[in-house]
Peer 1: 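My structure is below; once you've seen it, I'll send some questions.
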Amino acid sequence: MKWRGRVEKYLKSVRQQEVLHFALVDPEKVNDLNKLKTILENLVSAGTNAILIGGSLSVTGYDIDPIVDIVEELDVPSILFPGSVAGLSPRADAILFLSLLNSENTYYVIGAQVYAAPVIKRFGIEVLPTAYLIVGYGGAAGYMGFARPLPFEKPEIGAAFALAAKYLGMRYLYLEAGSGAPQPVPDEFVKYIRNAVEDDLFIIVGGGIRDPETACRIACSGADAIVTGTVIERDPQRALEIVKRIKRCQKT
Ligand code: 1GP
């Protein structure tokens, strides 16, 4: 909890210098906490800036806390990335307070948030107001969230959503292709949205990013932070290469 109240300031100051990397840990997929600890230590040494904790299914505070314990020993914040109201923990530093703007079900736009808000207040977690947009494949997040995924070849629709988020006062935009997506969000899509919202939104891009060159292309297109999850679980060495490559990318 030592980062509470300082997470947004930290993210925004790093953003001035470089593209950030967020490592996503889905508690449901963790079966060896010692192994996870080593992997996260290595990632942070390579430049990972924050650990996102969350998943679409079967995640409770009980599953999150042992991961927060590991992150507490690293020099980066723990940020909840909840798939549902069950994905809250009183011990995390911050939360991506998500509104799934392209859901057809208002529960995912504002319903879950109403249930979560008083709990977040009670827990004292730092809130990062985030527009969550499902693009392309969508995966479990798209399915569970009743999303109408944005077509990859229509970035103008994404830009309209992003502008609406900006005008609603949200400060973060998460472009999500879905965990394990066959294709990540195209760099042209990211570039189009960056141009539309200018510097006002902190743009996070994730889903299907599993090689250094793709990560770098997206980073160079205007993303502020790149998220990787699956590659960390399947090939931690490759995940390290991705982080190192992102850190060498020039910010646009
Ligand atoms: C999923 O964007 C994240 O919510 C990460 O996706 O697991 O494909 O890296 P991957």
Peer 1: How long is the span from the OH atom in Y143 to the CG atom in L57, to the nearest 0.5 Å?
Peer 2: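 Those atoms lie 10.5 Å apart.
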
Peer 1: Quick one: pull up OG1 in T228 and CD1 in I246 and give me the separation to the nearest 0.5 Å.
Peer 2: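 If we round to the nearest 0.5 Å, T228:OG1 and I246:CD1 are 6.5 Å apart.
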
Peer 1: Under 6.0 Å from the ring centre and within 45 degrees of the ring axis: does the NZ or CZ of K154 meet both conditions for the six-membered ring of F161?
Peer 2: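 No.
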
Peer 1: Quick one, D63 with T60, criterion side-chain contact (heavy atoms from CB on, under 4.5 Å). Give me CA distance, side-chain angles, the key distance, then yes/no.
Peer 2: CA-CA 5 Å; D63 310 294; T60 67; 2.8 Å; yes

Peer 1: To the nearest 0.5 angstrom, please state how far the CG atom of L74 sits from the OG1 atom of T48.
Peer 2: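 Reported value, rounded in 0.5 Å steps: 10.0 Å.
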
Peer 1: Looking only at non-hydrogen atoms, find the nearest pair between I79 and A50 and report the distance.
Peer 2: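 Smallest interatomic distance, heavy atoms only, reads CD1-CB, 3.8 Å.
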
Peer 1: Not counting sequence neighbours, which residues clear ring-ring contact (aromatic ring centres under 6.0 Å, His included) with Y174? List them please.
Peer 2: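 Once residues adjacent in sequence are excluded, the partners of Y174 under the ring-ring contact (aromatic ring centres under 6.0 Å, His included) criterion are F81, Y132.
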
Peer 1: Quick check: do I39 and E233 have side-chain heavy atoms less than 4.5 Å from each other?
Peer 2: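 A side-chain contact is absent here, since even the closest heavy-atom pair is not under 4.5 Å.
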
Peer 1: Who are the side chain to side chain donor-acceptor pair (under 3.5 Å) partners of E41, not counting sequence neighbours?
Peer 2: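 Listed in chain order: K37.
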
Peer 1: Name every donor-acceptor pair, under 3.5 Å, that has one atom in a side chain of residues 197-217 and the other anywhere in the protein, sequence neighbours excluded.
Peer 2:
| from | atom 1 | to | atom 2 | distance (Å) |
| --- | --- | --- | --- | --- |
| D200 | OD2 | K166 | NZ | 2.7 |
| R210 | NH1 | A181 | O | 3.2 |
| R210 | NH2 | A181 | O | 2.7 |
| R210 | NH2 | P182 | O | 3.1 |
| D211 | OD1 | E213 | N | 3.2 |
| D211 | OD1 | T214 | N | 2.9 |
| D211 | OD1 | T214 | OG1 | 2.9 |
| D211 | OD2 | T214 | OG1 | 2.7 |
| E213 | OE2 | R245 | NE | 3.0 |
| R217 | NE | D187 | OD1 | 3.4 |

Peer 1: Salt bridge (charged side-chain N to carboxylate O under 4.0 Å, His left out): which pairs involve residues 84-104, sequence neighbours left out?
Peer 2: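 Residue pairs with at least one partner in residues 84-104: D69-R91, E104-R148.
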
Peer 1: So that I can tick it off, tell me whether K244 and E241 are bridged by a salt bridge, with the cut-off set at under 4.0 angstrom between side-chain N and carboxylate O.
Peer 2: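 Salt bridge flag = no for K244 with E241.
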
Peer 1: Kindly give the heavy-atom pair with the smallest separation between M144 and S56, and that separation in Å.
Peer 2: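 Scanning both residues completely, I find the closest heavy atoms to be CG-CB, 4.3 Å.
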
Peer 1: Just to verify, what does S58 make a side chain to side chain donor-acceptor pair (under 3.5 Å) with, not counting sequence neighbours?
Peer 2: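 Result, side chain to side chain donor-acceptor pair (under 3.5 Å) vs S58: none returned.
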
Peer 1: Would I53 end up clustered with V119 when hydrophobic side chains under 4.5 Å apart are linked, directly or stepwise?
Peer 2: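 Yes; V119 is reachable from I53 via cluster members.
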
Peer 1: Show, in sequence, the C-alpha distance, side-chain angles and deciding distance for I232 and L24, and conclude whether the side-chain contact (heavy atoms from CB on, under 4.5 Å) test is met.
Peer 2: CA-CA 8 Å; I232 298 173; L24 171 62; 5.9 Å; no

Peer 1: Any side-chain donor paired with an acceptor under 3.5 Å for N42 and S45?
Peer 2: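 No donor-acceptor contact under 3.5 Å links the two side chains.
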
Peer 1: Which residue pairs pass the ring pair (Phe, Tyr, Trp, His ring centres under 6.0 Å) test with at least one member in residues 5-47, sequence neighbours excluded?
Peer 2: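 Every ring pair (Phe, Tyr, Trp, His ring centres under 6.0 Å) pair that includes a residue of residues 5-47, provided the two are not neighbours, is W3-Y10.
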
Peer 1: Any donor-acceptor pair under 3.5 Å linking the side-chain atoms of Q113 with those of Y108?
Peer 2: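 Y108 vs Q113: no donor-acceptor pair found between side chains.
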
Peer 1: Show the nearest heavy-atom pair for residues L173 and A162, with the distance to one decimal.
Peer 2: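 The pair with the smallest heavy-atom distance is CD2-CB, 3.8 Å.
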
Peer 1: Which heavy atom in D65 sits nearest to a heavy atom in S89, and how many Å separate them?
Peer 2: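 Nearest pair, atom of D65 first, then S89: OD1-OG, 2.6 Å.
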
Peer 1: Between L20 and R15, is there a side-chain heavy-atom distance shorter than 4.5 Å?
Peer 2: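 Contact flag for R15/L20 side chains = yes.
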
Peer 1: Given the rule in the side-chain contact (heavy atoms from CB on, under 4.5 Å) test, do F189 and L150 qualify, once you have shown the distances and angles that lead to the verdict?
Peer 2: CA-CA 10 Å; F189 196 99; L150 304 180; 4.2 Å; yes

